[in-house]
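For reference, the structure is listed below as structure tokens.
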Number of protein chains: 2
Amino acid sequence: MAPSERSDQDLSKSNFDVDYVIHYEIPPTATAEAEAAFIQLITALSSTGFTTEVRRGRKPSSLLIFTKLASPNLLRNQVYRARVQDWLYGVRPDAPAKITAEGESEESEPITPAERLRVAYLLITRPKDEGGAGVSPANVASSSPGVSPAYNRFVKSIFAPHDKAFNRTWLAKWTSKYQPDDNDLSEIRDQFGEKVALYFAFLREYSRFLLFPAAFGFAAWLLLGPYSWVYAVVNALWGVVFFEYWKVREEDLAVSWGVRGVGRIQHPRPQFKWEREGIDPVTGQVVKVYSPVKRFLRQLLQIPFAAACVVALGGVIVSCFAIEIFITEVYNGPFKQYLTFLPTIILTIFNPTFTALLTILAERLTELENYETQDAHMASFVQKIFVINFITSYLGIFLTAFVYVPFAKVLVPYLDIFQFTVQKFTPEGVALPTKSWEINPDRLTKQVIYFTVTAQIVNLAMEVIMPWAKRKAFKTVEKVQAERNNEKPIETQFKDDPQEAEFLERIRDEAELEEYDVTIDYREMVIQFGYLSLFSVVWPLTAISFIINNWIEARSDAVKIITHCQRPIPWRSDTIGPWLRSLGFLSWLGSITSSALVFLFHHHHGGAHIDDYSPWDIPFWALLLTIMFAEHVYLGVQIVVRGVLRKVVETPGLEKERAERFALRKMFERTGGVGGVEGGKASEQVGGEKITRESLEDDARRLAEVEGMPEKMFWLRQRNPDETIQVGRAMIAEFANHTRAKK
Amino acid sequence: MAPSERSDQDLSKSNFDVDYVIHYEIPPTATAEAEAAFIQLITALSSTGFTTEVRRGRKPSSLLIFTKLASPNLLRNQVYRARVQDWLYGVRPDAPAKITAEGESEESEPITPAERLRVAYLLITRPKDEGGAGVSPANVASSSPGVSPAYNRFVKSIFAPHDKAFNRTWLAKWTSKYQPDDNDLSEIRDQFGEKVALYFAFLREYSRFLLFPAAFGFAAWLLLGPYSWVYAVVNALWGVVFFEYWKVREEDLAVSWGVRGVGRIQHPRPQFKWEREGIDPVTGQVVKVYSPVKRFLRQLLQIPFAAACVVALGGVIVSCFAIEIFITEVYNGPFKQYLTFLPTIILTIFNPTFTALLTILAERLTELENYETQDAHMASFVQKIFVINFITSYLGIFLTAFVYVPFAKVLVPYLDIFQFTVQKFTPEGVALPTKSWEINPDRLTKQVIYFTVTAQIVNLAMEVIMPWAKRKAFKTVEKVQAERNNEKPIETQFKDDPQEAEFLERIRDEAELEEYDVTIDYREMVIQFGYLSLFSVVWPLTAISFIINNWIEARSDAVKIITHCQRPIPWRSDTIGPWLRSLGFLSWLGSITSSALVFLFHHHHGGAHIDDYSPWDIPFWALLLTIMFAEHVYLGVQIVVRGVLRKVVETPGLEKERAERFALRKMFERTGGVGGVEGGKASEQVGGEKITRESLEDDARRLAEVEGMPEKMFWLRQRNPDETIQVGRAMIAEFANHTRAKK
């Protein structure tokens, strides 16, 4: 197709070869500084090897700096360098082939978009003294003075434009099938990097595994009913198998994607504040040091933090719980129909607020712990948000199962405080209308269904609709404000070229999107796994709900990445990391809660009325024994499953690696290694040498030479194997004769 | 020193350069076959590259075949080959340097005696089609027909002669210091290989760690008394720290010895029987296959095996226990002074017999499981003997602590069966003299002291004296037999050369020694650790006894290797392997038994008389809760300790590796890697190019070329960074003006 024939259709999807866009914001109060810094920025970028173009942002106060790697040569060199680094860190088993200008090695190992973008991003963000441009957005740049270049103050974000064509195909493809296949994942990986691809791989494997508990759960629901110990055992076993399976699968994926051990290549956090510079005793390198004792002391703050979470979130939940029980099950007075919504309202207001506040607190705390690397920072942060989410997600059900039902009769009288309060608002003399107290037998089931169905739907809707609605609202507000202020758009000399206009508008939109954070998506799945592991014995249909949810989730996550987020920086990852520990923890805890639930509720379900239930009916030691038994069986089974799965699970990646290693060894044996054996082989020594005069003279000479050196003499008594054979045969013959003689 | 001046003193220690001695036995009934096979054997050895000499064995029916690697060249090549294999398996990080004839690389990486002997051993034992001589002793050679060469039937053993000079120095050195230092271990490693050295390293670290519980135990014994929860907590913590510390130390040692990951190079078991040959789908190699399902089914036999152990050994222990209690604490009749020895006699006769039988059974079972590799075989065997030893070592104490004391009052009446028996042997009418029943309060303590002091001493004595006594007795018996048969030594034409005589006599002695098995020594230490972890809360002085024991143990093990065993084949190892799991298990179980012991006995010790003790006094749930609490605290602490130790423990080996890797990276960056960055750097693009007519014409031409290609056009609007800067500044200026205008 000749260039002139290209339709606008093509252009609408084109990214104009842009690698990254730097969103540059000029504060109205500091235009001069921004201008000086802008010059530095462009100089830094171009001296690092980027071609630059600048365009106006949406608002006149912002610029969009477009960058692309200037020469294919630079790209090739940088990719080669990165691959060599991988090799030196043991991420890839063999040294990479040099990438020639003809792109020869690219044939066998092409540079993917993700690789290109990762290399470009590292080049943009790496500090200047390490050969980069030292750019990082203001919110992550180091605050230590003199470290971060001046321009970072004005950098709002760095992002790559979305690949519209790819995104459209991706969405179309995924909505038409039940599960993405390996090829689809591979495409994600080439586009968004291994970190994002690993999340989708996890989601796929998890959803696949859900089919079993869904089918079995349905059968159990029909035939066994809730609180069945058969279901509990099978469910716990499933949890172990999934957990151990994923560990194998994860490693296999890492190998086949060539990222195993990539965690060893750590990305330093620009925000890291060091106390002093020291010399690494091992490498002799200058390293930035932060006292580990100080960090440990700060890590101890996690304990009050966890306490704060329990108090704040737990407080809200417990209060709502108490109010709810009082209103629905004790109170019978005026406004009851409105008051029943009170707990929900409190929960809806306070829970997200507290969660948000605590998440910010968790971020601050992690910041305070001041980790050197991104991974360590993330692991610590994930640990904290897991605590928050554990409380918000499970505490309510824990309370119902292990406090409300067993101890309600003991605790409810204390609800008199509400009665007292109500009385105050009631005209004296009027009898307070209260119901007689009754335990709600279905409360636990209802709560589990709420969390595993309703909450999941709400969550999903929030995830997709909220960002869209927020953006709409934001735009409307801005527009209204502008109109009220009677602002006219600035008269500008910088008009968009019509051919670029569409692209620029798109980039201006993308500049306002949020960064994609895969942590949030993992969190959702891990918490979901927790419901299944901890409480699904209450309502065995749980997994069915999750299967449906996750089918939509995979697509809605895709939509989120495509439309609500900037294109993710294609980071690599060989593990779901800290979430793995959370999964293991929930699976283990599940063995305890499930056994306790079955033990406590099994007999009381169906037959006897739950109202007659009292914790004092069953011996406490029996409950403890049950839990202990279940837990230790769980731990034992885990060891067995781990051993068996390692052998059973198909691991194409690991097998490919093994084949490659084998080929390498074979090749070596055929070439370099064998020389030795040949050289030292029989041919040198063996030979049916006849005894001649010369050889006898030789012998005599040799013997004379070593006379008085018994160590040499020892080996010369039998000059060659034939002689050894002769002597040995003589000895055997002597013994044989002797044996015969005795007979 | 001129050769002629060499004294006999020197010769007495000399090994005459012998690498290996093959002990060849000729059955009187098959001298012809033995002769034919002998010829094959010598031919095989010499065509593999060995020089051979044959001498008479002690008895005329045995030959000693002396071998040494024929040429230094063969040795160098074989060592190089082995090092390359290490590299290909990832055991060593860098490719080995070629070993030149001048021994150039030997300078930096000399060939140790262990390396030489390992290479020679592999060459002797490797199958013929893999370039070896295919020799293996009859008791380990494959029984599959047509696989093992005919001569293996007559090979009794293959061993290297001891290095007398080294052994003497070793013993002298070790007896003069408290602990071997790194240098001493390194010498052991060069002499006997990493597997033996690792055992001594473990013993050293373990003994070092014992100092703390010894000191603390002594203080606890003085101040706190037995059953102190403070001691229990400190002791459990110590166990965890030691376990986690050893894992780090082990890895570090493996790295500094260059054997990390050596487990990947598996030695096939010659005894492995395959069902069919298949093609490895990954490597395309022909592999020998044994059905994993069959193996799994055979592995299931471990369950009845464990049951058999419990029944046999447990039966003996329980019977003796019952008899002992009856005799010492109930029975008061005739022969009491003799009868008290009855249980000890029964135990001394039956326990070792059953243990020996069960060990043979364990060996058979492991044989039956038919593993492909030595490591898998060993791991399975170790697991079984751990079960046996667990029962013989700990069951008695368990019974006393958790059955006898709590339930004695309930169980003792059943001892009436003895009373009944005694009655039968007593003339009717005579009143049976029995004491009134009383629980012996010190029984538990006495038992723990017996196992941790007396048994250790007996064990030690057995280990050193038994083999010596056995050999003496054996020799005497043979002599007596010979005398009785009036046998005269065979008149032989093969007299020892006087210079060799002493050496040959020594080798004839060594030929009769047993193989050294490091497993037995590990077992002892692991079982000892178990006493400390499980029961030392009963008697806090335990560790002091162990320290003394282990000081002697290290020396007596050295004596054992030197005088009671053939020189060990210098195998390599990077881990104490299956014993690690046993250590972890005992440490964990310790948290449970210690907490239970403290809970059960703490209050009853000292104050109240133990006789008043009844298990029904304390609520069972409280015991369970205590155990659960202790166990989970233990597991939590273990995670923390693991995390902290990894950072705290000094790891010279790992640090050296890190330094080397760093140097490699640095070197690469200075040479190969940097080219890319230079090439693509600013110099190409930046340059304050003045706008001239030519450049404008250039621009025009370039623009014309890309006309209608907006993607190219996009990047040509600003021809270089300077233009980008100009445009950007203009935009900023426009915005600044606008801002000023608004004000």
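Below, each value reflects all heavy atoms present in this structure, side chains not excepted, and no hydrogens, waters or symmetry copies. Labels below follow one simple rule: chain letters A, B, ... track the order of the sequence lines, proteins then strands, and each chain is numbered from 1.
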I'd like to know whether Leu504(A) forms a side chain to side chain contact (heavy atoms under 4.5 Å, CB included) with Phe66(A), so could you lay out the CA-CA distance, the side-chain angles of the two residues, the decisive distance to 0.1 Å, and finally the verdict. CA-CA 10 Å; Leu504(A) 289 178; Phe66(A) 294 85; 3.4 Å; yes

Between chain B and each of Lys68(A), Met628(A), Glu631(A), count heavy-atom pairs under 4.5 Å; write down the option with the most. Lys68(A)

Part of Phe296(A) lying under 4.5 Å from any heavy atom of chain B: neither

Tell me, side chain or backbone of Thr67(A) under 4.5 Å from chain B's heavy atoms, or both, or neither? backbone

What closest approach, in Å, do Phe735(A) and Ser61(B) show between heavy atoms, and which atom pair accounts for it? CZ-CB, 3.2 Å

Which atom of Leu624(A) lies closest to which atom of Trp621(B), heavy atoms considered: CD1-O, 3.4 Å

Top contributor to chain B contacts, counting heavy-atom pairs under 4.5 Å, from Ile627(A), Leu69(A), Thr31(A): Thr31(A)

Closest contact, heavy atoms only, Ala70(A) versus Thr51(A): CA-OG1, 3.3 Å

Any residue meeting salt bridge (Lys or Arg N to Asp or Glu O under 4.0 Å) with Asp17(B), in chain and number order, not counting sequence neighbours: none

Per-residue contact mode, Leu63(A) against chain B (heavy atom under 4.5 angstrom): side chain

Chain B contact via Val18(A) - side chain, backbone, both or neither, heavy atoms under 4.5 Å: both

Give the member of Pro72(B), Gly728(B), Ala32(B), Ala736(B) that has the highest number of heavy-atom pairs under 4.5 Å with chain A. Gly728(B)

Could you check which of Ile65(B), Asp497(B), Ile725(B) has the highest count of heavy-atom pairs closer than 4.5 Å to chain A? Ile725(B)

Phe154(A): what forms a ring pair (Phe, Tyr, Trp, His ring centres under 6.0 Å) with it, not counting sequence neighbours? Tyr24(A)

Under 3.5 Å: donor-acceptor pair, side chain of Thr724(B), backbone of Thr52(A): yes

What part of Ala730(B) is in contact with chain A, defined as an atom under 4.5 angstrom from a non-hydrogen atom: side chain, backbone, both or neither? both

Given a strict heavy-atom distance threshold of 4.5 Å, which part of Leu625(A) is in contact with chain B: side chain, backbone, both, or neither? both

